[in-house]
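This report refers to the structure that appears directly beneath it.
Position 1 is the first residue of the sequence, and the numbers go up from there.
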Amino acid sequence: MKKIPMRKCLASNESLPKKELLRIVRTPEGEVKVDTSGKLNGKGAYLKKNVEALEIAKKKNLLSKALDTVVKEEVYEEILKVING
């Protein structure tokens with residue numbers, strides 16, 4: 001039986017399988033990107049793939065705190081596009 005990797009959502013604080021979460025990465029160059037592959041190099045933070053989690057993270061500035069950098073509005077828009085498909 002294969003072990004399912006679990007990660008914690010920043011907004012909801014739930015532990016969920018990695019595949020159900022969206023990874024946001026601060027690259028070594030300092031850019032913030034949405035990592036759909038889950039393999040980008042850098043410091044990562046996970047968000048549940050729903051609009052409520054995104055709104056909580058945005059309102060409480062959770063991504064900026066977790067990634068130790070300023071997260072621009074374009075990143076939140078890109079996350080929303082990925083969530084909505």
Side-chain angles (χ1 to χ4, degrees):
M1 198 165 151
K2 197 174 178 188
K3 184 175 170 252
I4 301 169
M6 302 292 275
R7 299 291 183 267
K8 193 175 269 195
C9 171
L10 274 179
S12 66
N13 242 357
E14 302 176 71
S15 284
L16 297 163
K18 193 175 170 183
K19 288 182 180 179
E20 292 179 25
L21 298 166
L22 190 60
R23 185 169 183 247
I24 294 84
V25 180
R26 182 193 47 154
T27 63
E29 294 80 41
E31 296 177 78
V32 178
K33 296 184 177 183
V34 179
D35 182 10
T36 50
S37 69
K39 300 197 186 313
L40 276 179
N41 192 16
K43 184 177 179 96
Y46 291 87
L47 268 184
K48 208 169 167 182
K49 290 182 184 174
N50 67 27
V51 180
E52 293 82 25
L54 177 61
E55 287 173 356
I56 292 168
K58 191 174 179 180
K59 190 171 80 178
K60 294 184 178 180
N61 213 16
L62 296 174
L63 281 176
S64 294
K65 290 174 188 169
L67 299 174
D68 298 324
T69 188
V70 177
V71 178
K72 295 180 183 162
E73 187 61 37
E74 298 91 66
V75 176
Y76 289 111
E77 289 168 13
E78 191 179 339
I79 294 168
L80 190 61
K81 283 181 194 170
V82 172
I83 290 171
N84 292 332

Query - Partner set under side chain to side chain donor-acceptor pair (under 3.5 Å) for Asn61, not counting sequence neighbours - result: Ser64
**Report entry** For Arg7, all residues meeting side chain to side chain donor-acceptor pair (under 3.5 Å), sequence neighbours excluded
**Finding:** none
Mind checking what makes salt bridge (Lys or Arg N to Asp or Glu O under 4.0 Å) contact with [X], not counting sequence neighbours?
X: Arg26; answer: none
X: Lys48; answer: Glu14
X: Glu73; answer: Lys58

Query - Option passing side chain to side chain contact (heavy atoms under 4.5 Å, CB included) with Cys9 (candidates Leu47, Leu22, Asn50) - result: Leu47
Grab the two heavy atoms, one from [X] and one from [Y], that are nearest each other, plus how far apart they are.
X: Pro17; Y: Ile4; answer: CB-CG2, 3.8 Å
X: Tyr46; Y: Arg23; answer: OH-CD, 3.5 Å
X: Ala45; Y: Leu63; answer: CB-CD2, 4.1 Å

Requested in this report: Determine whether Val34 and Leu62 fall in the same hydrophobic cluster, where Ile, Leu, Val, Met, Phe, Trp and Tyr are linked whenever their side-chain heavy atoms lie under 4.5 Å apart.
Outcome: yes
How long is the gap from [atom1] on [X] to [atom2] on [Y], to the nearest 0.5 Å?
X: Leu54; Y: Leu10; atom1: CG; atom2: CG; result: 11.5 Å
X: Asn41; Y: Asp35; atom1: CG; atom2: CG; result: 10.0 Å
X: Thr69; Y: Glu31; atom1: OG1; atom2: CD; result: 10.5 Å
X: Asp68; Y: Lys43; atom1: CG; atom2: NZ; result: 5.0 Å

Report task. For side chain to side chain contact (heavy atoms under 4.5 Å, CB included), just list the numbers for Lys72 and Val32, CA-CA rounded to whole Å, side-chain angles, deciding distance to a tenth of an Å, and then say yes or no. Result -> CA-CA 8 Å; Lys72 295 180 183 162; Val32 178; over 6 Å; no
Query raised in the report: Should Ile56 and Ser12 count as side-chain neighbours, where that means a heavy-atom distance under 4.5 Å?
Result: no
Could you go through residues 75-85 and list every donor-acceptor pair under 3.5 Å that involves a side-chain atom there, pairing it with any protein atom two or more places apart or in another chain?
{"residue": "Asn84", "atom": "ND2", "partner": "Leu80", "partner atom": "O", "Å": "3.3"}

